Amino acid sequence: MTVTIDGVERELEPGTTGTDLFADRRDVVVMRVDGALWDLARELPAAAAVEAVTVSEPDGLMVLRHSTAHVLAQAVQQVNPDAKLGVGPPIENGFYYDFDVAQPFTPEDLKALEKAMQRIVKEGQSFVRREVTREQALAELAHEPFKCELLTHDTEGAEGASVEIGEGDITIYDNVRRGGEVAWKDLCRGPHVPSTRVLQNGWSLMRSAAAYWKGSEKNPQLQRVYGTAWPSKEELTAYKERLAEAERRDHRRLGVEMDLFSFPDEIGSGLAVFHPKGGVVRMEMEAYSRRRHVEEGYEFVYTPHATKAQLFQTSGHLDWYADGMYPPMHMDEERDVAGNVTKQGQDYYLKPMNCPMHNLIFRSRGRSYRELPLRLFEFGTVYRNEKSGVVHGLTRARGFTQDDAHIYCTREQMKDELTTTLNFVLGLLKDYGLEDFYLELSTRNPEKSVGSDEIWEEATATLREVGLESGLELVPDPGGAAFYGPKISVQARDAIGRTWQMSTIQLDFNLPERFELEYTAPDNSRQRPVMIHRALFGSIERFFAILTEHYAGQFPVWLAPVQVRAIPVAEAFDGYLQDIAARLRAKGVRVEVDTSDERFPKKIRTASKEKIPFVLIAGGDDADAGAVSFRFRDGSQDNQVPVDEAIDRIVAAIETRAQV
RNA sequence: GCUGGCAUGGCGCAACUGGUAGCGCACCCGACUUGUAAUCGGGCGGUUGCGGGUUCGAGUCCCGCUGCCAGCUCCA
């Protein structure tokens, strides 16, 4: 028979398997046959197009990870025969497997499981595929209720279920020891690596946690074990190093170490206070944003944090999002001695969004087309009653400040306005040091949306056009739009490759309607404006966290809490450095002279731990030359720079928002 | 919200199976000070997150609350 192998036609004996074919290539773990992934042990069909899939490519790695999940499940049932199997799909960086067990897994359990897994890997068990009928499968797996449910119920939408049952035949995989004895089996669509030995020592169990069966809060909770798996020990080590690096950069840790902010228990979960050093960073972030918004034609407004319920009834928030709001404060109610209400009270709410307030400003008087586009900007603090389990440092807080603006414009102005807004947003993000972006375009869900087809189409086409013109990658998110309008969002990659959703620009065809916003057109008719919501940081707190992690606390000079620390080699040079510091201070530089009693090396160490961008050192050599020496955060040094030049360099670094 | 884990001076940690809280850093005082990541000595600081309970005795055990961590679910 003729088979195409990696693009080359070959004559093969009927019955040839992938194992025969790729016998000399140890990195091949599975094969692609006419586009589908197959176990190597399967016989090749005639006229098939076959490709080798190595463990280093995404598909191969997925198979490796899924196979590791099987080894975990076998180990769990070895240790605890009563454990019932859930599902065990590969995920980013690894895999998980869900189990129904009487006792949750402890860290000690995980260690024991790793040992058991190691033995299974060393045994070199092969994964043997077996096609069965539904009845056979139900009979063989009668003791596995979750597997039976997968076999008998519609698995539509069930998280991870596709790895158990494919679209075609039902298959069971036997794990077979070298002697031919079946060690374990699992309902699985496959494919798998040929032998457990392929896993080597490139895997590790990470943690256990509860997870809902089929991902629904209504279903019972299973115990999920997470693991990571890589083609080699080296790659596993590199992955763990990446995790350690992320932990070192964690803004919650740096927030404490650098004295930037805290979350006092007395205030409550998810409510931050910024300390003086964090305050400087935040103030600079806001000041630059404010300046750029002024230049871009935004007008600044201020609105209160609390409001009567009526406003959020008008906006619709109380109908849809009451759960996400702080509960109402009931005010002004009066009762007589018998407890009867003599005066009806009022409910007040903390605002979860600023837009209704801005709409009231728009509506406060008649508006002319001549005023449009009207851009109202506010650093607006909002409060959202996030569920207790989701609060996470500054990135998911209960009180936070949005750099929020609402632009009211005519349909004709919409395109220009969206274009300039996206360019403005991208330019500004770059100024803060984020350089690597892609865009996501969330489009209409026809099931649930308001506004005419025409305006949706126009707005979506405009957003797409604007996105494409930016030259950035534009990822579609079909049906991802809110019901009131399409959205384009900017995703940024940070210094260690993580992506964060940043700015969003969102059209809204709903609120202008609900608030009956109008302007007078040139023909004296009343027209409804289009409303654009946009935030650059999203939340200042969250953006603060992202920048902290992006820079690992080593902020560029303009943002650094202390920009210059001057350290005399000995007390005799205190005055010399104080004069230089005074000159820097006069130019607005945040500079300190370390005149403490500590010895010189200790002062260097302290400045270094504080991640101060410029350390200026002066001793006899410098003073004699009318110079200072720079020491940078990486330990590199620039010695005996003339004082005037040193000052210019520092001032220039701040003005250009340079990283040093 | 759910499941599991955790909570000891400002920070990081210690205290065997319940026996009466200790260390480093930071901070304060003193001495010492001339070139690149911890000078030496002394001192201050904790009713062990909060509230109950068991016990002769609780940081250690039990219950409730608050907060934190991981994951799930959620994120206008």
Side-chain angles (χ1 to χ4, degrees), chain A residues 91 96 98 103-107 109 159 206-226 247 250 252-253 255-259 262-271 275 312 315-325 352-356 382 384-393 395-398 402 481-484 487 501 504 506 508 510-511 533 538-539 542 567-574 596-610 615 617-623 629-633 635-637 639-640:
Chain A
I91 52 174
Y96 67 77
D98 289 342
Q103 298 296 323
F105 297 100
T106 65
D109 292 337
E159 179 195 15
M206 302 302 282
R207 65 175 69 89
S208 65
Y212 298 104
W213 169 241
K214 289 185 177 175
S216 168
E217 252 177 313
K218 296 184 183 79
N219 289 334
Q221 276 200 332
L222 305 179
Q223 293 303 317
R224 176 172 296 179
V225 177
Y226 283 91
E247 201 180 317
D250 191 313
R252 292 167 300 179
R253 167 201 283 250
V256 175
E257 283 176 6
M258 298 178 70
D259 196 15
S262 61
F263 288 92
D265 288 356
E266 292 84 343
I267 297 179
S269 179
L271 299 167
H275 301 193
F312 290 120
S315 69
H317 286 99
L318 280 174
D319 293 335
W320 321 314
Y321 304 118
D323 282 354
M325 294 167 67
M353 294 186 104
N354 303 301
C355 23
V382 297
R384 299 181 185 182
N385 185 16
E386 302 289 359
K387 289 187 192 172
S388 59
V390 306
V391 170
H392 182 94
T395 58
R396 191 86 182 268
R398 282 188 169 156
Q402 298 180 306
F483 71 91
Y484 50 80
K487 165 177 94 170
Q501 179 177 326
T504 59
Q506 173 131 29
D508 187 343
N510 181 51
L511 281 184
H533 305 245
S539 126
R542 183 164 172 278
I567 303 181
V569 162
E571 202 178 333
F573 307 101
D574 284 4
S596 69
D597 271 353
E598 298 296 343
R599 292 168 77 239
F600 181 67
K602 179 63 178 293
K603 295 184 181 185
I604 297 283
R605 178 183 155 81
T606 305
S608 173
K609 288 197 78 171
E610 289 177 41
V615 173
I617 295 166
D621 297 345
D622 300 283
S629 296
F630 281 86
R631 187 184 197 279
F632 300 96
R633 286 180 288 211
S636 69
Q637 198 134 343
N639 290 328
Q640 293 183 37

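These numbers come from a predicted model, not from an experiment. Just so it is clear: chains get the letters A, B, ... in the order the sequence lines come, proteins before strands, and each one is counted from 1.
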Exercise for the section: Could you measure between the two C1' atoms, the one in C50(B) and the one in U66(B), and give it in whole Å? Expected result: 7 Å
Problem - Below 4.0 Å: OP1/OP2 of C75(B) and any side-chain N or O of His392(A) - result: no
Exercise for the section: With heavy atoms under 4.0 Å as the rule, sort Pro352(A) into base, sugar-phosphate or nothing. Expected result: base
Practice task
Grab the CG-P distance between Asp319(A) and A76(B) for me, whole Å please.
Solution key: 17 Å
Handout entry: Rounded distance (nearest 0.5 Å) linking atom CZ of Phe573(A) with atom CZ of Phe600(A)
Key = 10.5 Å
Problem - From CH2 (Trp213(A)) to CZ (Arg224(A)), nearest 0.5 Å - result: 10.5 Å
Fill in the blank from the handout: Of the listed C72(B), U34(B), U33(B), the closest approach to the Phe573(A) side chain comes from U34(B)
Fill in the blank from the handout: The correct list of stems in which RNA chain B takes part (3 or more consecutive Watson-Crick or G-U pairs, distances under 3.5 Å) is B:1-7 with B:66-72, B:10-13 with B:22-25, B:27-31 with B:39-43, B:49-53 with B:61-65
Practice task
Determine the interatomic distance between C1' on G12(B) and the same-named atom on C6(B); round to the nearest Å.
Solution key: 16 Å
Handout entry: Between P of A70(B) and CZ of Arg253(A), the distance in whole Å
Key = 12 Å
Fill in the blank from the handout: Between CD of Gln501(A) and C1' of A76(B) the distance, given in whole Å, is 12 Å
Practice task
Please work out if Tyr484(A) contacts a base, only the sugar-phosphate, or nothing of the nucleic acid, heavy-atom cut-off 4.0 Å.
Solution key: sugar-phosphate
Problem - Rounded P spacing from A26(B) to A38(B) in Å - result: 12 Å
Exercise for the section: Verify whether one side chain among Ser262(A) and His275(A) offers a donor that lies under 3.5 Å from an acceptor in the other. Expected result: yes
Problem - C68(B) and A58(B), which share atom name P, separated by this distance in whole Å - result: 30 Å
Practice task
Looking at every strand, decide which applies to Gly270(A) at a 4.0 Å heavy-atom threshold: base, sugar-phosphate, or nothing.
Solution key: sugar-phosphate
Exercise for the section: Would you confirm whether Thr504(A), through its side chain, and Gln506(A), through its main-chain N or O, come within 3.5 Å as a donor-acceptor pair? Expected result: no
Exercise for the section: Check every atom of U3(B), A76(B), U33(B) against the side chain of Tyr321(A) and return the nucleotide holding the closest atom. Expected result: A76(B)
Exercise for the section: Please check if the side chain of Ser539(A) supplies one atom and the backbone of Gln402(A) the other of a donor-acceptor pair under 3.5 Å. Expected result: no
Exercise for the section: Write down the distance between CZ (Arg398(A)) and C1' (C75(B)), rounded to a whole number of angstrom. Expected result: 13 Å
Problem - Whichever of Val256(A) and Ser269(A) has its nearest RNA chain B nucleotide further upstream toward 5' - result: Val256(A)
Exercise for the section: Encode nucleotides 36-48 of chain B as B, S and - characters from 5' to 3', where the letter depends on protein heavy atoms closer than 4.0 Å: B to the base, S only to sugar-phosphate, - to neither. Expected result: BBBB---------
Practice task
Give me the ring orientation class for His533(A) and Tyr484(A): parallel if the planes are under 30° apart, tilted from 30 to 60°, perpendicular past 60°.
Solution key: tilted
Exercise for the section: Scan Ser388(A) against the nucleic acid and name what it touches under 4.0 Å (heavy atoms): base, sugar-phosphate only, or nothing. Expected result: base
Problem - Heavy atoms of other groups near Glu571(A) CD, more than 12 under 6.0 Å - result: no
Exercise for the section: Please state whether the phosphate of C68(B), meaning OP1 or OP2, lies under 4.0 angstrom from any side-chain nitrogen or oxygen of Arg396(A). Expected result: no
Handout entry: Of the listed nucleotides G71(B), C74(B), A76(B), the one nearest the side chain of Val390(A)
Key = C74(B)
Practice task
Spell out, as yes or no, whether a donor-acceptor pair under 3.5 Å connects the side chain of Arg631(A) to the backbone of Ile617(A).
Solution key: no
Practice task
Check the distance between G49(B)'s C1' and Glu266(A)'s CD and give it to me in whole angstrom.
Solution key: 9 Å
Problem - Separation of the P atoms in G9(B) and U48(B), to the nearest angstrom - result: 10 Å
Handout entry: Euclidean distance for C1', A37(B) against C25(B) (whole angstrom)
Key = 14 Å
Practice task
Consider the side chain of His317(A), meaning its heavy atoms from C-beta on, and name the nucleotide among A76(B), G71(B), A70(B) that approaches it most closely.
Solution key: A76(B)
Practice task
May I have the distance from Asp265(A) (atom CG) to C68(B) (atom P), rounded to whole angstrom?
Solution key: 7 Å
Practice task
Determine the contact category for Phe263(A): base if any of its heavy atoms lies under 4.0 Å from a base atom, sugar-phosphate if only primed atoms, P, OP1 or OP2 are that close, otherwise nothing.
Solution key: nothing
Handout entry: Same-atom distance (P) from C27(B) to C11(B), integer angstrom
Key = 15 Å
Exercise for the section: Determine the Euclidean distance between corresponding C1' atoms of A70(B) and G53(B); express it in Å to zero decimal places. Expected result: 31 Å
Exercise for the section: Find the distance Asp259(A):CG to C27(B):P and express it as a whole number of Å. Expected result: 12 Å
Fill in the blank from the handout: By ring pair (Phe, Tyr, Trp, His ring centres under 6.0 Å), Phe630(A) pairs with (sequence neighbours left out) Phe614(A), Phe632(A)
Exercise for the section: Would you sort out whether Met353(A) and Arg384(A) count as a side chain to side chain contact (heavy atoms under 4.5 Å, CB included), showing the intermediate values? Expected result: CA-CA 9 Å; Met353(A) 294 186 104; Arg384(A) 299 181 185 182; 3.8 Å; yes
Exercise for the section: Determine the contact category for Asp621(A): base if any of its heavy atoms lies under 4.0 Å from a base atom, sugar-phosphate if only primed atoms, P, OP1 or OP2 are that close, otherwise nothing. Expected result: base
Practice task
From the options Val382(A), Leu318(A), Asn385(A), select the one residue that forms a side chain to side chain contact (heavy atoms under 4.5 Å, CB included) with Met325(A).
Solution key: Leu318(A)
Practice task
Please step through side chain to side chain contact (heavy atoms under 4.5 Å, CB included) for the pair Gln640(A) and Asp622(A), ending with a clear verdict.
Solution key: CA-CA 5 Å; Gln640(A) 293 183 37; Asp622(A) 300 283; 3.2 Å; yes
Problem - Distance, rounded to the nearest Å, where Gln506(A) contributes CD and C75(B) contributes C1' - result: 14 Å
